[in-house]
2 protein chains.
Amino acid sequence: MRSDGGGVLAPGRGRMQRTKLSDQIAEDLRRWIAREGLKPGDRLPNEKTLMQHYGCAKGTLREALKALEVQGLVKMQTGPNGGAEIQPVSIDAAMQQLRSYLHFQVLDFEQIYVLRRGLEVSLAESVVGRLTEDQLKRLEANIEQCIEARDSGDRVTGRRLEIEFHDILCESCDNPLLGFICRFLNGLLRDLVEFRSDRYDEHEAFGQHNVASHRELVAAFRVRDRRSVSRIMREHMCCAESFMQRLDASFRSDLLSSG
Amino acid sequence: MRSDGGGVLAPGRGRMQRTKLSDQIAEDLRRWIAREGLKPGDRLPNEKTLMQHYGCAKGTLREALKALEVQGLVKMQTGPNGGAEIQPVSIDAAMQQLRSYLHFQVLDFEQIYVLRRGLEVSLAESVVGRLTEDQLKRLEANIEQCIEARDSGDRVTGRRLEIEFHDILCESCDNPLLGFICRFLNGLLRDLVEFRSDRYDEHEAFGQHNVASHRELVAAFRVRDRRSVSRIMREHMCCAESFMQRLDASFRSDLLSSG
DNA sequence: CTAGATTTGTTCGTATGTATC
DNA sequence: TGATACATACGAACAAATCTA
């Protein structure tokens, strides 16, 4: 029993193109998954059944399933009881897509900090009283690792670890939107920091500030002092931005002198 | 042109390819597009050529192209000079992916405004002096439309138009990250506002506030008064949040009394 | 406006690798 | 050790869209 397939037109310019059958099937499957309320671990019917249901060929159905797979909705598996298995909605697929969108745009650290200096404060406020003992311990362990990295002179690792501190905070955020964006900004910073100048003094000062701020933050989190958390994070963001600015400046002068 | 394709096929004995052939081809095409620096409008080789290059069957290649199409990198076209055409990196694909990620999360207007009240102010500040005469005119026209919608009692259209005001501001933002997120938040609000209560008095007051604030904003934009813009938008967001809160409250009481 | 050429879209048949029992 | 179920992949052919002469 083939679904219509005749009159479905795609809005466009002069060329009105009949929507591809594989796209119709993909869209139908998406709706079916939502309507049926399928959860991660559930499986779609196998290819043969779906082929009979939609009255289409293997290639067509496989293109439809491929679309769902790329979007991270399902994962294909071979063997008995194989087929398309519903996947937990992945934050990674959304991040990668947003990243590839921004890949061709100009982006510097200042544009990131326009968002970050406000959002990280909101994030910190929102997780006060929600951090588990395990997470607090991991925050403290992270600070120790930062100190080790600094002592061993491994600057890039140090910067990366300091960003991980903020990733841990994202875990407890009950606002999925805020959590996503903060995590995403952290990822962008991780990429940027790889290419910054290796000015020893700047990195040293930056690292010392970060360790101090992170220690104050953990202390305030432990006593659930929301106002202190807010203030410390605001100052921390402000300082971090100016440190990044100086790193960026010396990085650019390095480029000039070497080019 | 070598018809070899051996570097991609990986003729390993024992276990065949761990990753699906179509995925390998898709990844190779992505890298090829980036390395070659292909721009929107450029075309990939046609299916036959690609089949020969990768030494694969039609179905396999089509799955690979489908993956690129879903990610918004290319668009397929039939006919002579058809094939896979490179697309401008679309903001829509990134938004849709992020939306589907958040679809299964709990999200209310308060969580949106935690971000919006800060980001819209930054956005407004960043577009001061960058708005064209055309955009200023469209902002003013938008305000007139809002008044018309209010007079004709069309509340939902009014709310939608007021959000479009903020979409226009996003156009001039030179920070792609900030622009993306503000646009995305506007989209979320558009969805939420559809289901809000129809309390006439609340909507009326909300509409009047919006028109007044938007008028003040346009005036400040015209004279490029950055500090006024910042202040007005901050107050506007604060008021809008409390209005939404009241709409939400009466909406929930409606639900209770009807359920 | 029609006819042909080009290229994607779809179908069917078949074979093979792989995981489960 | 097979036997079975399933996705993966190949190849040939036809259908539909679209450009050009």
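So that the names make sense, note that chain A is the first sequence line, chain B the second, and so on, each numbered from 1. As the structure is a prediction and not an experimental result, all values here were calculated from the model.
Among the nucleotides D:dT8, C:dT10, C:dT8, the one closest to the side chain of A:Ser22 is C:dT10. Here the side chain of A:Cys56 is nearest to one of C:dT11, D:dC10, D:dC6, namely C:dT11. Of the candidates C:dT11, D:dC19, D:dA7, the closest approach to any side-chain atom of A:Thr78 belongs to D:dA7. Comparing D:dA7, C:dT11, C:dG9 by their nearest atom to the side chain of B:Arg62 picks out C:dG9. Nearest nucleotide to the A:Ala57 side chain, out of C:dC12, D:dT4, C:dG9: C:dC12.
In this view, B:Glu162 and B:Cys146, B:Arg159, B:Asn210, B:His214 satisfy the side-chain contact (heavy atoms from CB on, under 4.5 Å) rule, not counting sequence neighbours. Under the salt bridge (charged side-chain N to carboxylate O under 4.0 Å, His left out) criterion, B:Glu148 pairs with no residue, sequence neighbours left out.
Comparing B:Asn81 and A:Gly82 along DNA chain D, the residue whose closest nucleotide (by nearest heavy atom) sits nearer the 5' end is A:Gly82. The residue among B:Glu47 and A:Pro80 whose nearest nucleotide of DNA chain C lies closer to the 5′ end is B:Glu47.
Within a 6.0 Å sphere centred on CG of B:Asn81, other residues, nucleotides and ligands contribute 12 heavy atoms or fewer.
Straight-line distance from the CE atom of B:Met76 to the P atom of D:dT18: 13 Å, rounded to whole Å. Per the geometry, CG belonging to B:Leu61 stands 13 Å off C1' belonging to C:dT7, to the nearest Å. A straight line from CD1 of A:Ile25 to P of C:dT11 spans 7 Å, rounded to a whole angstrom. For the pair A:Leu21 CG and D:dA15 C1', the interatomic distance rounds to 13 Å; values are reported in whole Å. When rounded to the nearest whole Å, the span between CG of A:Leu65 and P of D:dA7 equals 8 Å. The NZ atom of B:Lys66 sits 12 Å away from the C1' atom of C:dT8 (whole-angstrom rounding). Atom P of nucleotide C:dG9 and atom OH of A:Tyr54 are separated by 20 Å, given to the nearest angstrom. One atom, CG of B:Leu44, and another, P of C:dT8, lie 10 Å apart when rounded to the nearest Å.
Proximity of A:Thr60 to the phosphate of C:dG9: no side-chain N or O atom is located under 4.0 Å from OP1 or OP2.
Judged by distance alone, the side chains of B:Ser172 and B:Gln135 do bring a donor and an acceptor atom under 3.5 Å apart.
Using a 4.0 Å heavy-atom distance criterion, B:Gly83 is classed as a sugar-phosphate-only contact.
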For A:Lys58 and A:Glu47, run salt bridge (Lys or Arg N to Asp or Glu O under 4.0 Å): C-alpha distance rounded to whole Å, both residues' side-chain angles, the deciding distance at 0.1 Å, then the answer.
CA-CA 7 Å; A:Lys58 221 165 331 210; A:Glu47 281 186 355; over 6 Å; no

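Below the 3.5 angstrom threshold, one finds no donor paired with an acceptor across the side chain of A:Lys58 and the base of D:dT8.
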